[in-house]
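Worksheet for the structure shown next.
Nothing fancy with the numbering, it's 1 onward along the sequence.
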Amino acid sequence: MGIASINPATGEIIQEFLALSDRELEQKLAKAAATFETYKTTTFAQRSTWLYGAAQVLEDNKQAYGQMMTLEMGKPLKSAISEVEKCAWVCRFYADQAESFLADEPATTDASRSFVRYQPLGAILAVMPWNFPFWQVFRFAAPALMAGNVGLLKHASNVPQCALAIEAVFQKAGLPAGAFQTLLIGASRIADLVADNRIKAAALTGSEPAGASLASACGQQIKKTVLELGGTDPFIVMPSADVEAAIQTAATARMINNGQSCIAAKRFIVAASIADQFEAGLKQQFADLKVGDPMAEGITVGPLATPSICEELAAQVQACVDQGATALIGGDVAALKAQLPAELQGGNFFPPTILTRIPPGTPADQEEFFGPVALVFRVANLDEAIQIANSTPLGLGASGWSQDPDEQERMVNELEAGAVFINGLVKSDPRLPFGGVKRSGYGRELGRQGIHEFVNIKTVWVK
């Protein structure tokens, strides 16, 4: 099936959509290019008014947008509504800060006057994932639009209603019709799209293969990309830590978005002296989770987005168990489904699972487990913890737990990640840059650095 909304809690097809024809796609590209010629001349004050309008539209409709997200990709409704609120925040943040972030920067040279000016590039393509179907888009769109660019969204094919709703948010806020458009197309058409001269750059959040494909296509055209890809984020707990706080945060960090988050903690690297306490506490936290219909009150874990994600995760867990890992809790999909009501039997549910005593050589060493599975590794000291944390090809986020200032400083300096959080949950925040290193991608979203990604950083020298 191509572009369709399918309820992951039931397997029911909600609505199917036709992909854009070549003619329709051409019309949207032409509209984006034409709109940019006037949009780039608008003032920061005007753009700010529009972005504040978008924030208001989001907040006024957060219940409806939250339900839409939950129906299309399965996150608990409470989390979906919070996601909409965060989108309103990023709109207001850039509405307030963009002018100062993009102000001319004077430099002292041999000229009578020299400075750096930031100017928009044009139409930027955003290839976005299903797991945070509003937030991932708005954290791209808010800085891009405030910088004077126009946006074209190629969203994941399983969240088309969200994609269309986001375009409508900007239209309701009063932005010109061509300033932000949704393109209902399949992934196979992206390479031809980025070859079009009207597309000036591209951003992608998604899998490593998807990022490599887009980067390759843009590289052929010498067009800039920003990539935010996967993560196998470590969560290190040392003996000096507040272990109970670490346990509570660990459960939350692993279960973000039903475990389907690039920055969700996935590998829990725990000092051996406190490992029994940590495992027992985490097991209890997982046992208290409620799996079921994500629309229902009190449900903390909904279904995974697609059957294939569920199947891949089950295969990864089984491979670890077959090679000697212990399932401290969970791991049995059939047992979980037997407990669910009949209307949810066709859903993509996976039980909250903890694997421990994991031997070397399993998928847990290198692969991202994209679902509610915690991988616990015992280590003798911080040296071993950092070695294991850095042993994968990915480097998105990392969380370190210690009350020892020297240990904290070592984790900040030595962990190979785009973000290191000490004694806290890794999260994206409009006030801070966000992105990864190694095969987790390059470039940054959010913060001052994020709005500088898709502008011409122009040197000006006046004799």
### Query
Does the side chain of H452 reach to within under 4.5 Å of the side chain of P143, using non-hydrogen atoms?
no
### Message
Pair S402, S240 - check side-chain hydrogen bond (donor to acceptor under 3.5 Å, both in side chains), show working.
### Response
CA-CA 5 Å; S402 170; S240 68; 3.0 Å; yes
### Message
For the backbone of L58 and the side chain of K172, can you confirm whether one donor and one acceptor N or O come within less than 3.5 Å of each other?
### Response
no
### Query
So do E409 and E414 actually touch side chain to side chain, heavy atoms under 4.5 Å?
no
### Query
Ion pair present between E279 and R378, side-chain N to carboxylate O less than 4.0 angstrom?
yes
### Query
Is there a side-chain contact (heavy atoms from CB on, under 4.5 Å) between L193 and L183 once you walk through the steps?
CA-CA 11 Å; L193 185 59; L183 309 178; 3.7 Å; yes
### Task
Compare every heavy atom of F140 with every heavy atom of I124, then report the nearest pair and how far apart it is.
CG2-CE1, 3.6 Å
### Message
I'd like to know whether I309 forms a side-chain contact (heavy atoms from CB on, under 4.5 Å) with W130, so could you lay out the CA-CA distance, the side-chain angles of the two residues, the decisive distance to 0.1 Å, and finally the verdict.
### Response
CA-CA 12 Å; I309 296 171; W130 48 263; 3.2 Å; yes
### Query
Only one of E83, Q67, E85 forms a side chain to side chain donor-acceptor pair (under 3.5 Å) with K62, so which one is it?
E85
### Query
Donor-acceptor pair, R254 side chain versus A265 backbone, under 3.5 Å?
yes
### Task
Taking all non-hydrogen atoms of both residues into account, name the closest pair between N149 and L121 and its distance.
OD1-N, 2.7 Å
### Query
Can you find a pair of side-chain heavy atoms, one from K337 and one from Q345, that are under 4.5 Å apart?
yes
### Query
Is there a donor-acceptor pair under 3.5 Å between the side chain of T326 and the backbone N or O of L328?
no
#### Entry: Main-chain N/O of M238 paired with E407 side-chain donor or acceptor, under 3.5 Å
no
### Message
Restricting to non-hydrogen atoms, name the atom on N258 and the atom on P372 that form the minimum distance, rounded to 0.1 Å.
### Response
O-CD, 3.4 Å
### Summary
Heavy atoms of L304 and F370 approach each other most closely as CD1-O, 4.5 Å
### Message
Could you check whether any side-chain N or O of H155 sits under 3.5 Å from a backbone N or O of P133, counting only pairs where one atom can act as donor and the other as acceptor?
### Response
yes
#### Entry: Any donor-acceptor pair under 3.5 Å from E453 side chain to R444 backbone
yes
### Message
Among residues at least two apart in sequence or on other chains, which ones pass side chain to side chain donor-acceptor pair (under 3.5 Å) with N257?
### Response
K75
### Task
Say whether, by atom type as modelled, one donor and one acceptor occur between the side chain of Q260 and the main chain of A305 under 3.5 angstrom.
yes
### Message
Looking at every non-hydrogen atom in both residues, tell me the closest pair between S261 and N131 and how far apart they are.
### Response
CA-ND2, 4.0 Å
### Task
Looking only at non-hydrogen atoms, find the nearest pair between C320 and F369 and report the distance.
SG-CZ, 3.9 Å
### Query
If only atom types and distance count, is the side chain of T353 paired as donor or acceptor with the main-chain N or O of G331 below 3.5 Å?
yes
### Task
Side-chain contact test, heavy atoms from C-beta onward, threshold under 4.5 Å: evaluate it for F268 versus V237 and give yes or no.
no
### Message
Show every side-chain hydrogen bond (donor to acceptor under 3.5 Å, both in side chains) that has at least one partner inside residues 381-395, sequence neighbours left out.
### Response
T232-T392, D383-R410
### Task
Step by step, work out the side-chain hydrogen bond (donor to acceptor under 3.5 Å, both in side chains) result for S5 and Q15.
CA-CA 5 Å; S5 295; Q15 188 175 355; 5.8 Å; no
### Message
Quick one: does any side-chain atom of Q323 pair with a main-chain N or O of A319 as donor and acceptor, under 3.5 Å?
### Response
yes
### Message
In the structure I gave you, are the side-chain heavy atoms of L164 and L184 within less than 4.5 Å of one another anywhere?
### Response
yes
### Task
Evaluate side-chain contact (heavy atoms from CB on, under 4.5 Å) for I6 paired with N158, printing each intermediate quantity in order.
CA-CA 7 Å; I6 301 174; N158 61 326; over 6 Å; no
### Query
Just wondering, more than 12 heavy atoms not from R189 lying within 6.0 Å of its CZ?
yes
### Task
Would you mind reporting whether Y65 and D60 have side-chain heavy atoms less than 4.5 Å apart?
no
### Residues S213, I190; criterion side-chain contact (heavy atoms from CB on, under 4.5 Å); working and verdict
CA-CA 9 Å; S213 177; I190 292 175; over 6 Å; no
#### Entry: Identified side-chain contact (heavy atoms from CB on, under 4.5 Å) partner of L77 from the options E297, M295, M69
M295
### Query
Does some side-chain heavy atom of R431 sit less than 4.5 Å from a side-chain heavy atom of W89?
yes
### Query
Hey, what do you get for CG (L355) to CD1 (I329), rounding to the nearest 0.5 Å?
11.5 Å
#### Entry: K28 atom NZ: more than 12 heavy-atom contacts under 6.0 Å
yes
### Task
Tell me, please, which residues at least two apart from F170 pass ring pair (Phe, Tyr, Trp, His ring centres under 6.0 Å).
F138, F180
### Message
Has Y94 got a side-chain atom pairing as donor or acceptor with G447's backbone, closer than 3.5 angstrom?
### Response
yes
### Message
Counting only heavy atoms not in Q403 (residues, nucleotides, ligands), do more than 12 fall under 6.0 Å from its CD?
### Response
yes
### Query
Any side-chain heavy-atom pair from I256 and L425 closer than 4.5 angstrom?
yes
### Task
Please work out whether the ring planes of F93 and F101 are parallel, tilted or perpendicular, with thresholds of 30° and 60°.
tilted
